Amino acid sequence: MPLYHNEDQAMLADTARGFIAEEGNIAKQLRHWRDRNCKDGFGHGLWKQMAEMGFTGMLVEEADGGLGMGHVEAGIVLEEIGRNLTPSPFLTSSVLAATALKHSSADMKGRYLPGLIAGDSVFAVAIDETAKHRPSRITTRAEKSGNGFKLNGAKSFVIHGGSADMIVVAARTSGGDEDADGITLFAVPKDVAGASHDHVRLVDSSMATHMRLDNVELDGDAVIGEIDGGRAVLDAMLLAGRVGAAAEGVGVARGAMDMTVDYLKQRKQFGKLIGEFQALQHRASHLYSEVEIARAATIKAQQLLDAGAPSADLMASVAKAKVAKTARLAVQEGVQMHGGIGMTDEYDIGLYMKRDRALAEFLGDAYFHANRVATLSGY
Amino acid sequence: MADLETFRSETRAWLEANCPAEMREPVRDESDIYWGGRRATFKNDAQKAWLEACVAKGYTVPAWPKAYGGAGLSPAEAKVLREEMGRIGARPPLSSFGIWMLGPALLHFGTEGQKQRFLNEIARGEIRWCQGYSEPGSGSDLVSLQTFGEDKGDHWVVNGQKVWTSYADHADWIFCLVRTDKADKYSGITFMLFDMASEGVATKPILLISGNSPFCETFFDNVEVPKSYGEDCPAYVGQINRGWDVAKYLLGHEREMISGADGGDRTAGIGAAMKRHSAKLGDDLDPVLRAELAMFDVDALAYTAMGEKFLDEIKVGKAHPAQPNMMKYAGTELNKRRHELMMAVGGSRSLEWDSEETEGGKPSRSWLRTKANSIEGGTSEVMLNVIAKRILDLPGA
Ligand SMILES: Cc1cc2nc3c(=O)[nH]c(=O)nc-3n(C[C@H](O)[C@H](O)[C@H](O)COP(=O)(O)OP(=O)(O)OC[C@H]3O[C@@H](n4cnc5c(N)ncnc54)[C@H](O)[C@@H]3O)c2cc1C
Ligand SMILES: Cc1cc2nc3c(=O)[nH]c(=O)nc-3n(C[C@H](O)[C@H](O)[C@H](O)COP(=O)(O)OP(=O)(O)OC[C@H]3O[C@@H](n4cnc5c(N)ncnc54)[C@H](O)[C@@H]3O)c2cc1C
């Protein structure tokens with residue numbers, strides 16, 4: 001498969017670009033909700049509009065009422081979300097939770113998918129337990145209790161945890177904290193007794209929670225996939241989420257780069273446009289080159305994932321790490337080349353810097369994924 | 001798609017039958033590369049057999065038309081052939097500046113007579129070319145070149161000096177940029193082809209920091225270059241005084257080639273191999289070195305994807321015309337980093353200059369050679385200038 005968008009995908013990209021630039025732009029969404037101290041950190045109206053565009057259920061099978069599209073398509077939407085810093089539950093709901101629900105019973109699909117597809121429900125995932133992403137270690141416990149389970153533990157960095165109608169929680173049903181086996185995924189509904197959230201606003205104005213589970217009682221039908229066999233579903237979910245986060249990061253990098261290159265063509269100092277200074281030209285050219293490469297790696301990962309290739313896992317970590325490094329470069333150069341105004345809240349470039357920080361941390365940063373590349377490669 | 005799969009299985013069978021085992025071993029040094037030409041000799045029978053099989057099949061230049069010695073493969077078929085050769089580690093049967101540089105320029109600008117003659121000679125490995133672009137006073141600023149061809153009616157008399165002419169002392173012919181109009185900087189250069197055995201051509205090898213001497217100073221002292229080599233076969237490509245267009249077109253191909261975009265060993269991750277190498281030396285990778293290798297592999301594997309994307313896009317005309325400059329910049333900087341890391345893993349062993357264990361100082365000599373990657377064919381700084389101007393459209397670039 002050639003590593004560029006086919007005709008349908010190019011059309012989708014045009015549509016997504018136009019729609020998100022119009023409805024999801026920084027003034028209408030990020031600044032709007034931030035300046036109102038919105039408790040969700042995003043607008044439900046836009047989520048509903050994204051449903052009308054067919055975005056919310058793009059990864060859901062056609063048989064289940066979705067569009068049955070792949071990660072290339074989801075990546076197209078995510079890249080535009082990244083470019084516009086659009087706050088939305090797309091990544092956690094339409095990519096992560098949707099991937100988990102692929103492995104759920106018909107009954108559970110019926111419970112959650114219609115709300116996802118219609119843009120009426122929001123979903124979150126609760127995986128991390130410490131300040132860094134370390135899915136190999138799961139200490140939250142789920143014990144058998146009656147014909148269901150009782151969950152105890154704590155989760156952190158639960159993005160949209162406060163507004164989610166359902167949270168996919170990874171818990172341990174057997175084995176030690178570091179064991180690969182013995183994991184089970186649960187669909188934990190909003191407001192279930194024993195679940196509580198500490199709400200935190202993050203640097204990029206997104207909302208997350210520290211989630212506590214104190215004797216949370218769930219029926220057996222809250223299980224996603226196999227009991228004790230949740231690692232496979234968790235891995236599938238992480239893979240999809242990482243590739244998706246990489247695509248969003250490409251958008252962040254491109255948005256920051258485009259804004260900066262534009263600025264170089266407007267700002268005059270020393271009687272010249274600052275874009276005439278070779279010191280800045282070379283840095284901009286280097287950035288362009290890195291962004292192109294990061295984007296290629298991301299599309300490659302999307303295609304491998306859609307093809308079900310085993311190498312998708314390695315490429316996903318390559319893409320996530322490469323994008324994290326590249327978007328970091330883009331926002332740093334962006335703020336620097338804007339000079340003093342790059343430090344002001346009035347200019348958008350600083351918002352890119354904040355978003356990159358949060359997005360890169362989500363599902364593993366550049367260090368985590370570079371280490372993973374080494375491990376998967378056998379060293 | 002079904003056709004492509006048929007082609008793949010046929011190709012696999014053909015390679016199985018025709019590519020000798022020795023030609024599936026990694027290239028160890030210069031002598032393992034067959035450059036062709038009037039004075040070329042084969043290192044062994046396998047090298048000869050492999051070349052002859054490929055020439056007969058058109059596989060020295062698979063994507064060129066059959067009429068000019070190629071196999072007329074579509075880009076998709078050529079990719080399959082590359083993949084299948086890569087799968088068994090088959091060496092290229094023939095390497096040459098004719099294939100990488102002059103050939104594409106002739107395919108684009110050449111007359112039918114030039115194509116019939118020169119492309120077939122290149123495809124069969126009968127002629128070895130060198131590139132006469134750079135001069136002592138004209139490196140990055142190539143268009144300022146001074147070598148002059150005086151018009152004498154049916155021929156030119158060429159005087160001047162070229163430098164960094166790779167393999168000039170082994171080459172049969174040169175494709176050479178010669179000023180034919182002193183009044184017009186850009187529209188005063190002619191892209192000439194002539195025999196290095198012509199009276200008045202002299203070469204003097206230059207020793208490099210790697211201890212090798214692959215290129216020369218090249219002197220032209222009243223060299224007579226006829227304007228034509230027969231019917232429909234002029235001695236210049238394109239038009240007289242419009243050689244700069246040809247030169248630039250050719251540089252695009254050269255940069256693509258140097259970038260390593262078409263994959264192979266150069267773009268793959270190295271960490272796993274470095275761990276094995278380190279173990280062989282009785283060492284263990286330092287954790288910080290391992291971390292750098294991991295970061296390198298991220299960049300290298302991402303660049304491999306970029307190479308694939310770039311070639312896919314070129315095929316359908318989607319790539320930005322200045323994109324080869326980006327590929328050249330990123331690919332060569334990456335290759336330099338690769339060799340820095342390989343030297344670090346090798347430790348004191350990799351410092352050995354002529355020991356048997358290092359096959360004559362291969363690690364250090366290769367490491368030094370890579371430093372030229374970001375100079376030859378246009379320096380990294382020049383690539384960044386071109387990206388700034390042509391892709392980012394920055395002012396005054
Ligand atoms: C937190 C903060 C506090 C400050 N406090 C004060 C204060 O108390 N008093 C005061 O007077 N000022 C203050 N400043 C202003 C500060 O001195 C300026 O921001 C600084 O001099 C840069 O000028 P500029 O913002 O106009 O950027 P510009 O000059 O427009 O620069 C934009 C970009 O172009 C680059 N650039 C400009 N010229 C060249 C060139 N010739 N070659 C290569 N690159 C070039 C710059 O490096 C930068 O990356 C403050 C700024 C900040 C951010
Ligand atoms: C291994 C090798 C093989 C070669 N083979 C051939 C060959 O076969 N035929 C041939 O004709 N030539 C060949 N060359 C020559 C090569 O093309 C030149 O070396 C190259 O174009 C750079 O020119 P220069 O060496 O004169 O460096 P210069 O142009 O003098 O550059 C010196 C430094 O200044 C920088 N610089 C120059 N201009 C700018 C600018 N505008 N902005 C910013 N920085 C700038 C350069 O990037 C470089 O870092 C070869 C070179 C090498 C190393």
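Since this is a predicted model, take the numbers as computed values, not measurements. All chains are named by letter (A, B, ...) in the order of the sequence lines, taking the proteins before the strands, and each is independently numbered beginning at 1.
B:Gly396 approaches A:Gln281 most closely through the heavy-atom pair C-NE2, 4.1 Å. The minimum heavy-atom distance linking B:Met326 with A:Ser289 is given by the pair CG-CB, 3.6 Å. Contact detail for A:Tyr379 and B:Ala294: the closest heavy-atom pair is OH-CA, 3.2 Å. Nearest heavy atoms, B:Leu384 versus A:Ser285: O-OG, 2.8 Å.
Here A:Lys325 is the residue among A:Lys325, A:Lys272, A:Arg295, A:Gln278 with the most heavy-atom pairs under 4.5 Å with chain B. Of the listed residues (B:Lys389, B:Met295, B:Lys275), the one with the most heavy-atom contacts under 4.5 Å to chain A is B:Met295. Counting heavy-atom pairs closer than 4.5 Å to chain A, the top-ranked of the candidates B:Met383, B:Met274, B:Met327, B:Glu313 is B:Glu313. Of the residues considered (A:Ala366, A:Ala296, A:Ala284, A:Gly378), A:Ala296 shows the highest number of contacts with chain B, using heavy-atom pairs under 4.5 Å. Residue with the most contacts toward chain A among B:Leu285, B:Asn325, B:Ile391: B:Ile391 (heavy-atom pairs, distance under 4.5 Å).
Residues A:His369 and B:Val298 are not in side-chain contact: their nearest non-hydrogen atoms beyond the backbone lie 4.5 Å or more apart. Looking at B:Met306 and A:Leu3, their side chains never come closer than 4.5 Å, going by heavy atoms from C-beta outward. Inter-residue side-chain proximity for A:Lys300 and B:Lys309 is flagged as unmet; no heavy-atom pair is nearer than 4.5 Å. Side-chain contact between A:His286 and B:Tyr329 is present, with at least one heavy-atom pair separated by less than 4.5 Å. Residues B:Asp312 and A:Met1 have side chains not in contact (no heavy-atom distance under 4.5 Å, counting atoms from C-beta outward).
The parts of B:Asn385 that come within reach of chain A are both its backbone and its side chain, each placing non-hydrogen atoms under 4.5 angstrom from that chain. Contacts between A:Met315 and chain B at a heavy-atom distance below 4.5 Å involve the side chain alone, from C-beta outward. Neither the backbone nor the side chain of A:Ser317 comes within less than 4.5 Å of any heavy atom in chain B. For A:Asp258, no part sits under 4.5 Å from any heavy atom of chain B, backbone or side chain. With a 4.5 angstrom heavy-atom cutoff, B:Leu293 touches chain A via backbone and side-chain atoms both. Looking at A:Ile299, the atoms closer than 4.5 Å to chain B (heavy atoms on both sides) all sit in the side chain, from C-beta outward. Heavy atoms closer than 4.5 Å to chain A are found in the side chain of B:Gln323, but not in its backbone. Contacts of A:Val373 with chain B are made by side-chain atoms alone, with heavy-atom separations under 4.5 Å and no backbone atom involved. Of the two parts of B:Val386, neither the backbone nor the side chain holds a non-hydrogen atom closer than 4.5 Å to a non-hydrogen atom of chain A.
Distance check, rounded to the nearest 0.5 Å: NZ of A:Lys322 to OH of B:Tyr303 gives 11.0 Å. Atom CD1 in A:Ile293 sits 12.0 Å away from atom CG in B:Leu301 (nearest 0.5 Å). Annotation: the span from A:Leu376 atom CG to B:Asp297 atom CG amounts to 11.5 Å, rounded to 0.5 Å. If you take CG on A:Leu273 and CG on B:Leu394, they are separated by 9.5 Å, rounding to the nearest 0.5 Å. To the nearest 0.5 Å, atoms CG (B:Leu392) and OG1 (A:Thr260) are separated by 11.0 Å. Atom CG of residue B:Asp393 and atom CG of residue A:Asp262 lie 10.5 Å apart, to the nearest 0.5 angstrom.
Counting non-hydrogen atoms of neighbouring residues, nucleotides and ligands closer than 6.0 angstrom, the CZ atom of B:Arg337 exceeds 12 such neighbours. Atom CG of B:Asp286 is surrounded by more than 12 heavy atoms from other residues, nucleotides or ligands within 6.0 Å. Heavy-atom contacts from other residues, nucleotides or ligands closer than 6.0 Å to OH of A:Tyr367 number 12 or fewer. Counting non-hydrogen atoms of neighbouring residues, nucleotides and ligands closer than 6.0 angstrom, the CD atom of A:Glu7 reaches no more than 12 such neighbours.
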